[in-house]
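First up is the structure itself, then whatever we jot down about it.
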Amino acid sequence: PGLLAIILQQTLLIGVAATFTSEREEKKLLNLYQISKQSISKMIFGKSMLYFVVFMIFGFFFSVVNFSVFNVEVRGNYFDLAVVSALFIATIIVFGMLIGSFFKTKLFAFQVLVFSSYPIFLITGYSMPYQALPRFVQILSDMLPTSPFLKTYISIVQAGGSLSDNLSSVIHLIVLWIVFELLLILRIKYLVKI
């Protein structure tokens with residue numbers, strides 16, 4: 001289950017970051033800003049909705065079809081799984097836009113993000129116990145939405161946990177979402193030179 005979550009994350013992260021980089025490269029950000037009536041929040045929301053809907057469907061497909069093919073039983077509540085997946089997808093979308101805003105070409109964004117998959121997988125605490133990671137790597141891991149999501153996701157799927165059992169990880173994910181959102185707003189303000 002954790003590997004499927006990493007695949008979901010990397011697909012979304014690469015797609016969102018590359019799209020945002022492409023818009024920056026083609027100088028379309030100012031146009032998008034003006035279309036959204038000069039509201040950065042509306043711009044982010046509008047750009048996020050399609051990705052959110054598509055990847056929620058993709059996540060649902062993973063949880064239902066792939067798990068049944070591989071005989072993986074979801075021991076927890078599907079509603080809890082949907083809520084934490086929605087939080088994760090929303091956070092990754094904003095994180096992807098933020099990352100994409102720092103690249104100047106789509107090709108470079110693809111190159112960096114494709115090769116980020118393996119390091120992200122290694123530092124999330126899925127391939128080896130989180131407690132066994134060096135402290136510096138744990139701090140890096142905590143700055144990624146993948147770590148709190150995987151803790152909650154694996155707890156729900158494999159141990160039958162709930163959102164209340166994983167409240168600290170859910171709050172961690174919400175805090176990351178808010179921080180990335182604020183950083184993205186500041187970054188877009190800088191890019192469109194408000």
Side-chain angles (χ1 to χ4, degrees), residues 3-62 82-124 136-137 139-150 172-194:
L3 191 55
L4 293 176
I6 296 279
I7 293 167
L8 178 74
Q9 174 214 288
Q10 285 305 106
T11 308
L12 179 58
L13 185 64
I14 291 167
V16 171
T19 302
F20 200 91
T21 302
S22 178
E23 288 164 352
R24 181 179 178 203
E25 184 179 12
E26 296 168 11
K27 305 200 183 325
K28 292 181 180 177
L29 283 180
L30 186 57
N31 189 27
L32 288 171
Y33 175 67
Q34 291 168 342
I35 289 170
S36 65
K37 299 179 181 171
Q38 299 185 344
S39 171
I40 292 174
S41 299
K42 286 181 185 175
M43 181 179 153
I44 293 169
F45 181 77
K47 289 183 61 53
S48 300
M49 282 314 297
L50 176 67
Y51 289 111
F52 184 79
V53 170
V54 168
F55 276 85
M56 281 301 291
I57 293 168
F58 195 38
F60 178 75
F61 178 83
F62 267 20
V83 168
V84 77
S85 295
L87 275 173
F88 176 66
I89 289 169
T91 307
I92 288 294
I93 290 169
V94 176
F95 184 54
M97 286 185 207
L98 181 62
I99 289 173
S101 73
F102 288 98
F103 293 108
K104 291 188 178 180
T105 65
K106 188 168 49 173
L107 178 62
F108 188 58
F110 270 120
Q111 289 171 336
V112 170
L113 292 172
V114 165
F115 289 108
S116 73
S117 302
Y118 192 63
I120 288 173
F121 177 70
L122 288 176
I123 69 170
T124 58
F136 174 72
V137 176
I139 292 168
L140 281 177
S141 176
D142 288 340
M143 291 192 296
L144 296 172
T146 318
S147 298
F149 171 69
L150 278 177
H172 183 177
L173 198 54
I174 292 169
V175 167
L176 286 175
W177 182 25
I178 293 167
V179 168
F180 293 147
E181 184 87 27
L182 293 173
L183 290 174
L184 179 60
I185 289 170
L186 293 173
R187 180 67 179 154
I188 292 174
K189 278 185 181 182
Y190 174 77
L191 289 175
V192 297
K193 294 184 176 34
I194 296 173

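Numbering starts at 1 and runs along the sequence shown.
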What is the distance from atom [atom1] of [X] to atom [atom2] of [Y], rounded to the nearest 0.5 Å?
{"X": "Phe52", "Y": "Ile57", "atom1": "CZ", "atom2": "CD1", "answer": "10.5 Å"}
{"X": "Leu144", "Y": "Ile120", "atom1": "CG", "atom2": "CD1", "answer": "5.5 Å"}
{"X": "Ile178", "Y": "Leu173", "atom1": "CD1", "atom2": "CG", "answer": "10.5 Å"}

Please give me the minimum heavy-atom distance between [X] and [Y], naming the atom from each residue.
{"X": "Leu8", "Y": "Gly59", "value": "CD1-N, 4.2 Å"}
{"X": "Lys106", "Y": "Ser22", "value": "CD-CB, 3.8 Å"}
{"X": "Gln10", "Y": "Ser116", "value": "NE2-OG, 3.4 Å"}

Is the shortest side-chain heavy-atom distance between [X] and [Y] below 4.5 Å?
{"X": "Ile188", "Y": "Ile44", "result": "yes"}
{"X": "Leu29", "Y": "Phe20", "result": "yes"}
{"X": "Thr146", "Y": "Ile123", "result": "no"}

Margin query: Taking side-chain hydrogen bond (donor to acceptor under 3.5 Å, both in side chains) as the cut-off, I'd like each qualifying pair that reaches into residues 175-185, sequence neighbours left out, listed once.
Written below: none
Notebook entry, point to check: What pairs of residues pass the side-chain hydrogen bond (donor to acceptor under 3.5 Å, both in side chains) test when at least one of them lies in residues 39-48, not counting sequence neighbours?
Noted result: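 Output for this query lists Glu23-Lys47.
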Next item on the list: Return the set of residues passing side-chain contact (heavy atoms from CB on, under 4.5 Å) with Phe45 (not counting sequence neighbours), or none when no residue passes.
Entry: Met49
Next item on the list: Could you tell me which residues satisfy ring pair (Phe, Tyr, Trp, His ring centres under 6.0 Å) with Tyr51, sequence neighbours excluded, listed by chain and number?
Entry: none
Margin query: Main chain of Val137, side chain of Ser141: is a donor-acceptor contact present, judged purely on distance under 3.5 Å?
Written below: no
Notebook entry, point to check: Where the side chain of Thr21 meets the backbone of Gly100, is there a donor-acceptor pair that is under 3.5 Å apart?
Noted result: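 At least one qualifying donor-acceptor pair exists.
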Next item on the list: Can you sort out the partners of Lys28 under salt bridge (charged side-chain N to carboxylate O under 4.0 Å, His left out), two or more places apart, ordered by chain and number?
Entry: Glu26
Check: Under 6.0 Å between ring centres, would you say that holds for Phe58 and Phe55?
Finding: yes
Expected list for residues 86-98: side-chain donor-acceptor pairs under 3.5 angstrom, two or more places apart:
unit_1: Thr91; atom_1: OG1; unit_2: Leu87; atom_2: O; d: 2.7

